[in-house]
Amino acid sequence: MILAAGCKPPAAANGPAMQALPVQTQAVALNPVAQSSDYVATIKSRRSVTVFPQVSGNLTQLLVKSGDHVKAGQPIMTVNPVQQQALVDAQLSTENQKKALYDYNQVEVERQRKLFAAEVTSRDTLDQAEQAYQNTKADWQAAIQTRKSLEEQLAYYRIKAPFDGIIGDVPVHLGDYVTPSTWLTTVDENKDLEAYIYVPTDRSGEVHFGMPVQILDADGKVQESTKVDFLSPQVDTQLQGILLKAPVHSTSIAALRSAQLVKARLVWGTAPKPVIPVLSVSRLGGQTFVYVAATQNGKSTASQRAVTLGGTVDNNYVVLSGLKAGDQLIVSGTQFLQDGMPVMPMNAGPAKGSAASQPGQ
């Protein structure tokens, strides 16, 4: 009996290998990145005053409104001066009366001196005339000083701007009765501004004179770079913070006003961090990641890396974690890539970047 020998069928042919995708890569390089923290700062003027009256009475004139620009010595309000003016007028009458008596005694003492020289009158009469003359002279001079004092007080009823500046809020109204404790308004000179920044006490050992400060706008862009020029030796008991001051030049930031709240960035120092192009970053489900070219068994594949990003500078992201220097970052065709996909790297050169500011460190 002849048995038929079975033949083993040939193995099925494997499908064609996935073709490597040409991509551009660049070596991740470290760049100096500023380590910084953002705080809310208050802009204050070095010349700012709250105006209070020095006298009591009803307001009869309001010569300014909020936002007005005033010059030094310019009248801004008037308190009813009628009563004080009456005192000045009465004192002036008293002064004139004493002046007339002084003039009389001056003539009389000269006459008595001549009579005494001619031995017509006695020494006692001359002494009485001299005494009367000196008394009326002193009374007249005292009346002059009293009148000047009343006139100076009268000037307080016309309230004037202490220096060139801008009028703030005016909470009083025409006819209001005011006293020396009544807040009338404020005058701020909108130059020589300072940023008041309170830093938590746990970072007190890191603050110092000359520390870089950046004033930011609402979009986070740097409006002005300045430096700390005052460091309080005491801790604020309410805020439990240390007060720092930094000058702000209003000529370069016309929009800033006294008492305005702004964002200030304190730069603690610099540290080397990876900086990568913005277009090399992909996002999926709230997670940010990049692709790096990984070589294994002589072949290159796209390796997906989750990264934590910081701030931006010149179209680059600062990488806080997920990459290290020397990694071959894929910077082109990332929308076509998948993790483990074969790639054909083409070196695009090292990553370019400049010193960046990294908040929140």
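Keep in mind that what you see is a predicted model, and the values were worked out from it rather than measured. Residue numbers start at 1 and run along the sequence shown.
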*No-hydrogen, no-angle side-chain donor-acceptor test under 3.5 Å, S332 and Q24*: no
*Relative to F289, does R283 satisfy both conditions: NZ or CZ under 6.0 angstrom from the six-membered ring centre, and within 45 degrees of the ring's axis?*
no
*asked:* Which label fits W140 and Y102: parallel for a plane angle under 30°, tilted from 30 to 60°, or perpendicular past 60°?
replied: parallel
*Among L323, I330, V28, V343, which residue meets the side chain to side chain contact (heavy atoms under 4.5 Å, CB included) test with V292?*
L323
*Euclidean distance, S45 OG relative to D188 CG, rounded to 0.5 Å*: 5.5 Å
*Side chains of S204 and T201: do they bring a donor and an acceptor to under 3.5 Å?*
no
*Side-chain (T121) to main-chain (F116) donor-acceptor, under 3.5 angstrom*: no
*Do S122 side-chain atoms and T125 backbone N/O form a donor-acceptor pair below 3.5 Å?*
yes
*Between the side chain of T146 and the main-chain N/O of A142, is any donor-acceptor distance below 3.5 Å?*
yes
*When you check the gap from the basic side-chain N to the acidic O, do D127 and R113 get nearer than 4.0 Å?*
no
*asked:* With a 3.5 Å distance limit and no angle check, can you tell me whether T301 reaches the backbone of P342 through a side-chain donor-acceptor pair?
replied: no
_Pi-cation contact, Y291 with R305 (under 6.0 Å, within 45°)_ = no
*Out of curiosity, L337 CG to S303 OG, how far, rounded to the nearest 0.5 Å?*
11.0 Å
_Quick check against the 3.5 Å criterion: does D217 have a side-chain atom that pairs as donor or acceptor with the backbone of D219?_
yes
_With rounding to the nearest 0.5 angstrom, report the CD to CG distance, E130 to L126._
5.0 Å
*Classify the side-chain pair R203/S37 by whether it contains a donor and acceptor separated by less than 3.5 Å.*
yes
*Would you check if the distance from the ring center of F209 to the ring center of F230 is below 6.0 Å?*
no
*Judged by modelled atom types alone, do T136 and N105 share a side-chain donor-acceptor pair under 3.5 Å?*
yes
